[in-house]
Amino acid sequence: MRLALPCVVSLLSVVLAAQDLRLPAVLADHAVLQRGASVRVWGHAVAAADVRVTASWGHEASSRADERGFFELRVQPADKPGPHELTVSSGKVTRTLKDLWFGDVWLCGGQSNMEWTLGPGVGPGIANWQREVETATDAQIRVFDVANVTSPTPRADCKGQWQVCTPDAARTFSAVGYLFARELRAEAKVPIGLIVSCWGGTLAEAWTPEADIVKLGGFDAGLDTVRAARVQQEELSLANRQANWFDNLRSKDPGELGGYQLTGLDDEAWPTVDLPGAWSGDLAKYDGVVWYRRALEIPAAWAGKAVDVSLGPIDDLDTVWLDGVRIGGMEAGDAANKARRYTVPGDAVRAGKSVLAVRVVDTGGAGGLTGAATDLWIGAAGDSTARQSLAGAWRLHQGAGLAALGAWPRQDGLSPNLPTVLWNGMIAPLSRCALRGAIFYQGESNCGAPMVYRKLFPTMIGAWRETFDQPDLPFYYVQIAPFAYGGDAGARAAFLREAQTLAMEQCEHVGMAVTMDIGDPKDIHPANKQDVGKRLALWALAKTYGRADIEPSGPMLAGFSVEDDAVRLLLRHAEGLRSKDGQALTCFTVAGTDRVFHPAQASIEPGETLVVRSDKVSKPVAVRFAFGAADMTNLVNGKGLPAPSFRTDDWPPP
């Protein structure tokens, strides 16, 4: 229907007004704000316009936007947790943020082991995921998931939204992040906000800003690529190129032109396929457009009321229509395997037969609806008891392929593993957020250069602290788990773990959760994320929340001495030293002057010491522990916390 001119003018005015006052994505409804810290409110308004912030807890502030329209204000925090509201106004435009809480905000970073979701999504779900999802009902845990994006320059904003912890939402939460937050909630009794900024398979240098990478040296080729992309970005933005690509799709794909989204389409000849499911058969190696249609019955009780449509994670892009009306879609950026849920306004909901149409665009690799059957449903908004499952048979029709559409525009040459690009795109936009601390799970991708990591990792930690202007920001991280990394026979993984251990000596206010006993040598993504979350929480509770009664560390090498045919190891954090499974201690080796390491036996003696010897080494000079890439260990202290890899050769560490 063509709108009358006065209506067009009215709608245009609303759009322009909304653009006159923009707040960052992380400052939105349901956010957790750091307790005890002033609230920074920033964004863009009309150049030189007055901006006023009014808080429901009785504080306010005002300022004036600069010549670019940027503004920043601070208001005092509330004394009570919440809920609160915050109103930002400039000219005739007002934005009110609702359901805000004051608690502790933790930044969760790293690669796939941090990105791994509680339920199926990124990964198949962790151990016992069904039970974990069912019990995820704490509204005082909120998660902001930063959309994956690379950038050659520091970005001012990111994409994402705050989600309140419910079983539906928690399914797609970072498992390690959520389980860490759950432990803190149980002990600290304050709201916990997680800002999750991670990307599978990525290198630490990608999470580090340019100035620090330049100081380190050795990354010139990657930096040259990023700088070239910076010039290209200035010429034509990635967002514009992606929008142009979709315009081209609409002119070439038979679907939207042929009314595949409309209710009157005869789709009886279309084959059926069961959803959810990744593309298979003839579509297994296909990249391009696939259309899905499903007939459904809208109950009379839903007519005229808002309903939610949940489709779970989709690979890669999607557009969704109900009865020919577009109700949502992710058509830009890196949307692959992000969970989809769209709200249909009440005026578009009528009782009786309806048709849901979904256009999926795969830009490379696998495609399809990749979640679980329980992810697919339509239901009354806000009422989890009034739902219809959408899992099962759908009609399918193949649309235009990438050969006709052209490659999906990406930032040319900007692999997520180039130096600086993830700090630019996914950390810099958060720099004005006040944090309680950070947790980090990364290192697997840097196994090829462990000696570089010795300097790179502490540099990255320092750079994050500078980014957030918190020089003492607590930073707790996970040591990589046992795994045969590419058939690693040269102890590269062990040297990477050693670099992570050394960071505890190089940096203050850090702690390392060790996973030598809970990994899976055959799986780089161990299913036991519960103990990972607990061990990170032990560090936070002991060092950040002041719980002096908590031991966060497993046994650590403190020194050694050679005694005839044996080596005596002195350990700290070793009270109650024992074998976890009651069996002989594993993964010890001893070398003589020839530096050939042989399997060794270790015995526990009083004084928190170990005595290590081998029948094949009469005059030992060095001991190594867990220096095989996939070594699973059983050496723990009385709290059941394991020791990390260590060695006495080249001791003390440089």
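In what follows, residues are counted from 1 in the order of the sequence shown.
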**Q** If the plane angle is over 60° it's perpendicular, under 30° parallel, otherwise tilted; pick one for Trp245 and Trp408.
**A** perpendicular

**Q** Please determine whether side chain to side chain contact (heavy atoms under 4.5 Å, CB included) holds for the pair Val532 and Ile518, giving the CA-CA distance in whole Å, both sets of side-chain angles, and the decisive distance to 0.1 Å.
**A** CA-CA 9 Å; Val532 178; Ile518 57 172; 4.0 Å; yes

**Q** Should Glu331 and Thr319 be marked as a side-chain hydrogen bond (donor to acceptor under 3.5 Å, both in side chains) after you check the CA-CA gap, both sets of side-chain angles, and the distance that decides it?
**A** CA-CA 7 Å; Glu331 299 177 339; Thr319 313; 2.4 Å; yes

**Q** May I have the step-by-step check of side chain to side chain contact (heavy atoms under 4.5 Å, CB included) for Cys165 and Val143, ending in yes or no?
**A** CA-CA 7 Å; Cys165 180; Val143 176; over 6 Å; no

**Q** Between atom CH2 of Trp129 and atom CD of Glu134, what is the distance when rounded to the nearest 0.5 Å?
**A** 8.5 Å

**Q** How far does OG1 of Thr94 sit from CG of Leu21, to the nearest 0.5 angstrom?
**A** 8.0 Å

**Q** Not counting sequence neighbours, list each pair that qualifies as a side chain to side chain donor-acceptor pair (under 3.5 Å) and has a residue in residues 114-124.
**A** Glu115-Asn148

**Q** Using 0.5 Å steps for rounding, measure from the CD1 atom of Ile298 to the OG atom of Ser354.
**A** 4.5 Å

**Q** Determine, using ring centers only, whether Tyr545 and Trp539 are less than 6.0 Å apart.
**A** no

**Q** With under 30° as parallel and over 60° as perpendicular, where do the rings of Trp291 and Trp321 fit, or are they tilted in between?
**A** parallel

**Q** State whether the number of non-hydrogen atoms from other residues, nucleotides or ligands found under 6.0 Å of Asp523 atom CG is greater than 12.
**A** yes

**Q** His44 and Phe71: aromatic ring centres closer than 6.0 Å?
**A** no

**Q** Checking side-chain hydrogen bond (donor to acceptor under 3.5 Å, both in side chains) for the pair His525/Asn113: CA distance, chi angles, key distance, verdict?
**A** CA-CA 6 Å; His525 304 112; Asn113 270 308; 5.0 Å; no

**Q** Report the C-alpha distance between Arg350 and Asp323 in whole Å, list the side-chain angles of each, state the deciding distance to 0.1 Å, and finish with yes or no for salt bridge (charged side-chain N to carboxylate O under 4.0 Å, His left out).
**A** CA-CA 10 Å; Arg350 56 177 180 78; Asp323 294 336; 3.6 Å; yes

**Q** Do other residues, nucleotides or ligands put more than 12 heavy atoms under 6.0 Å from Asp247 CG?
**A** yes

**Q** Parallel, tilted or perpendicular: which describes the rings of Phe173 and Tyr178, with under 30° parallel and over 60° perpendicular?
**A** tilted

